[in-house]
Amino acid sequence: MPLQMNRDVFITCAVTGSGNSQDRSPHVPRSPEQIAASAIAAAKAGAAIVHCHVRDPGTGVPSRDPALYRELTERIRDADVDVVLNLTAGMGGDMVFGPPSAPLPLRPATDMVSAEERLVHIEDCLPEICTLDCGTMNFAEADYVMTNTPGMLTAMGARMEELGVKPEIEAFDTGHLWYAKQLVKDGVLSSPALVQLCMGVPWGAPNDLNTFMAMVNNVPGDWHWSGFSIGRDQMAYVAAAVLAGGHVRVGLEDNLWLAKGELATNEALVTRAAGIITAMGGNIMGPDAVRAKLGLTKRAPK
């Protein structure tokens with residue numbers, strides 16, 4: 001199908017993520033105060049949406065602590081800049097097996113909890129968007145499986161809809177899009193849905209353009225979608241996503257570098273992405289325009 005460049009583009013900044021990147025760059029924020037400050041700086045640079053995880057403030061290890069999410073949410077909502085808040089609901093589905101000769105019992109790093117527990121912080125904070133990782137996959141490390149069963153996704157998706165929180169479907173491969181469409185067909189998720197195409201994450205969809213366009217062409221025409229790739233390809237995929245008709249995501253969750261030998265900040269990555277979009281003739285959407293486009297309700301501080 002012919003390319004149709006997107007002229008009105010929103011930028012999502014994925015602020016800190018759940019990877020073990022906290023010791024690889026001093027710019028990866030750890031505490032709720034640091035994560036909020038980085039998110040606010042990204043918003044001032046042009047990000048309409050900030051996608052946030054939380055970390056243990058002392059160690060930087062990824063966390064699911066609802067109190068940390070509550071502090072982060074309140075700091076962002078009380079800020080002097082408007083931004084759409086997107087909290088992860090992806091954690092709590094991690095299975096880490098033993099070696100091939102003895103896969104069971106599961107290793108202590110396993111973090112597998114109920115659908116209800118995975119959404120505790122979503123129910124408390126009520127962000128405008130939260131993520132729904134729409135499938136199970138081998139994820140980088142040898143014995144780690146990101147686990148999201150159809151039953152789990154149905155329960156989580158239905159609860160997100162009940163709460164009035166827009167699910168952002170994270171699709172790491174074509175089968176994830178296939179199941180996302182089934183969730184809409186079954187009435188679990190409402191349409192038009194919002195999709196994030198996640199490219200280049202081992203061992204999901206590789207980040208070559210043929211695979212990317214296969215993903216793009218499998219998104220229903222009335223849905224909203226954004227796309228990204230990791231590491232050195234992050235900025236190339238800003239251009240690719242806009243050219244293919246979508247929106248973009250950048251941030252330290254996916255890439256720590258601005259250039260060879262130059263560690264990035266979230267603000268700098270957003271600034272670079274905004275420059276690419278405007279140089280291509282696109283316009284940067286603000287948070288109110290994104291709310292109108294996606295049908296979001298702005299949440300006020302409690």
Other than Val120, what residues sit in its cluster of Ile, Leu, Val, Met, Phe, Trp and Tyr side chains whose heavy atoms are under 4.5 Å apart, directly or through others? none
Ring pair (Phe, Tyr, Trp, His ring centres under 6.0 Å) involving His176 - partner list, sequence neighbours excluded: none
Can you tell whether the side chains of Glu74 and Arg77 come within less than 4.0 Å, N to carboxylate O? no
Residue pairs involving residues 94-106 (criterion side-chain hydrogen bond (donor to acceptor under 3.5 Å, both in side chains); sequence neighbours excluded): Asp94-Tyr144
The criterion is side chain to side chain donor-acceptor pair (under 3.5 Å); which residues satisfy it with Asp143, sequence neighbours excluded? none
Please determine whether a side-chain nitrogen of the Lys or Arg among Asp254 and Arg249 lies less than 4.0 Å from a carboxylate oxygen of the Asp or Glu. yes
Heavy-atom side-chain contact between Glu161 and Pro167 under 4.5 Å: yes
With a cut-off of 3.5 Å and sequence neighbours excluded, list every side-chain donor-acceptor pair involving residues 151-158.
unit_1: Thr154; atom_1: OG1; unit_2: Pro150; atom_2: O; d: 2.9
unit_1: Thr154; atom_1: OG1; unit_2: Tyr179; atom_2: OH; d: 3.3

Tell me whether Asn218 contacts the main-chain N or O of Ala214 through its side chain, where contact means a donor paired with an acceptor under 3.5 Å. yes
Please list, chain by chain and in numerical order, all residues satisfying side chain to side chain donor-acceptor pair (under 3.5 Å) with Thr12, sequence neighbours excluded. none
Looking at Arg291 and Asp82, does any basic side-chain N land under 4.0 Å from a carboxylate oxygen? yes
Tell me every residue that passes side chain to side chain contact (heavy atoms under 4.5 Å, CB included) with Glu117, counting only those two or more places apart in sequence or in another chain. Arg64, Val113, Ser114
Check: residues 40-54 side-chain donor-acceptor pairs under 3.5 Å, at least two apart:
unit_1: His51; atom_1: ND1; unit_2: Asn86; atom_2: OD1; d: 3.2
unit_1: His51; atom_1: NE2; unit_2: His53; atom_2: NE2; d: 3.4

Arg232 meets the side chain to side chain contact (heavy atoms under 4.5 Å, CB included) criterion, sequence neighbours left out, with none
Any ion pair linking Glu123 and Arg159 (charged N to carboxylate O, less than 4.0 Å)? yes
Residues at least two apart in sequence or cross-chain that pass side chain to side chain donor-acceptor pair (under 3.5 Å) with Arg55, listed by chain then number, are Thr16, Ser21, Gln22
Taking side chain to side chain contact (heavy atoms under 4.5 Å, CB included) as the test, write out the residues that go with Ala37, two or more places apart. none
Results of side chain to side chain contact (heavy atoms under 4.5 Å, CB included) for Ala244 - residues two or more places apart only: Leu3, Phe212, Met213, Val216, Trp225
